[in-house]
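All values reported here derive from a predicted model rather than from experimental measurement.
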Amino acid sequence: MISDYRNVLEYWRASSRKDFIVATDLAKLGHYAHALFFCHLALEKLLKALYVARQHEHAPYVHDLVILARKSDIGLSDLQIDSLQTITTFNIQGRYADEKSEFYGKYNKKNVASKYLAVTKDILLWLEKKFQKK
């Protein structure tokens, strides 16, 4: 258990908000693949904040959004699980060179970025409501 969990959770929440702004700005500049990577970061950080809020301990060192959500015990719909599984791939494929050419070919598009920015925003708003239902 961490004694300063409120500071840790506020760090994750504030960082999540900044990362979503960066994602939105990157998409506006046409950097769609990078925007998707920041969508993942925003969700990961807010899920870690939720974990800290509920468990009063540091979030696990995991990047898989579904695992983080399940560890936070928030109850996901099948659609949310599917979305989080897809968005988790933005973290992995955005980082590793072997995956990048396929990733960029499939996801570095305005319509894809627009879709997942909207999905990310919806999930972020849904997660924010979970802080009120501890």
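- Judged by distance alone, the side chain of N91 and the main-chain N or O of H40 form no donor-acceptor pair under 3.5 Å.
- Using a 4.5 Å heavy-atom cutoff, the side chains of L125 and K129 are not in contact.
- Formation of a donor-acceptor pair under 3.5 Å by the S16 side chain with backbone atoms of W12 is not found in this model.
- Every residue two or more places apart in sequence or in another chain that forms a ring-ring contact (aromatic ring centres under 6.0 Å, His included) with Y116 is listed here: F90.
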Evaluation steps, side-chain contact (heavy atoms from CB on, under 4.5 Å), between F20 and L124 | CA-CA 9 Å; F20 188 68; L124 289 170; 3.7 Å; yes

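- The NZ atom of K115 lies 11.0 Å from the CG atom of L36; values are rounded to the nearest 0.5 Å.
- Both L68 and V66 are members of a single hydrophobic cluster when ILVMFWY side chains are connected at heavy-atom separations under 4.5 Å.
- Between the T88 side chain and the L65 main chain, a donor and an acceptor come within less than 3.5 Å of each other.
- Atom-to-atom distance recorded for L79:CG and S83:OG is 4.5 Å, nearest 0.5 angstrom.
- Follow the hydrophobic side-chain contacts under 4.5 Å out from I21 and you never reach L41; the two are in separate clusters.
- Minimum heavy-atom separation, A35 to A27: CB-N, 3.8 Å.
- Distance check: L29 CG to T24 OG1 gives 11.0 Å after rounding to the nearest 0.5 Å.
- No side-chain heavy atom of K45 sits less than 4.5 Å from a side-chain heavy atom of R13.
- With contacts defined as side-chain heavy-atom distances shorter than 4.5 Å, the pair I74/L47 qualifies.
- With sequence neighbours left out, D64 forms a salt bridge (charged side-chain N to carboxylate O under 4.0 Å, His left out) with no residue at all.
- The two atoms that bring V52 and A59 nearest to each other are CG2-N, 3.9 Å, heavy atoms only.
- Both I123 and F131 are members of a single hydrophobic cluster when ILVMFWY side chains are connected at heavy-atom separations under 4.5 Å.
- For the pair E44 and K48, the salt-bridge criterion is met [side-chain N within less than 4.0 Å of a carboxylate O].
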Could you check D4 against Y11 for side-chain contact (heavy atoms from CB on, under 4.5 Å), going step by step and ending with a plain yes or no?
-> CA-CA 11 Å; D4 64 339; Y11 161 79; over 6 Å; no

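- To the nearest 0.5 Å, atom NZ of residue K106 and atom NZ of residue K109 are 9.5 Å apart.
- Within the model, atoms SG of C39 and NZ of K121 stand 12.0 Å from one another, a figure rounded to the nearest 0.5 Å.
- In this structure, the side chain of T89 engages the main chain of T86 through a donor-acceptor pair within 3.5 Å.
- Annotation: N111, atom CG; neighbour count of heavy atoms from other residues, nucleotides and ligands within 6.0 Å is above 12.
- For the pair Q80/Q85, no side-chain contact is recorded, criterion being any heavy-atom separation below 4.5 Å from C-beta on.
- The two atoms that bring A69 and L84 nearest to each other are CB-CD1, 4.2 Å, heavy atoms only.
- With 3.5 Å as the limit, one finds a donor-acceptor pair spanning the side chains of Y51 and E57.
- V119 and L43 fall within the same hydrophobic cluster, defined by Ile, Leu, Val, Met, Phe, Trp and Tyr side-chain heavy atoms under 4.5 Å apart, directly or through other members.
- Interatomic distance, CD of Q55 versus CG of L50, reported as 9.5 Å (0.5 Å rounding).
- In this structure, R54 contributes its side chain and D73 its backbone to a donor-acceptor pair below 3.5 Å.
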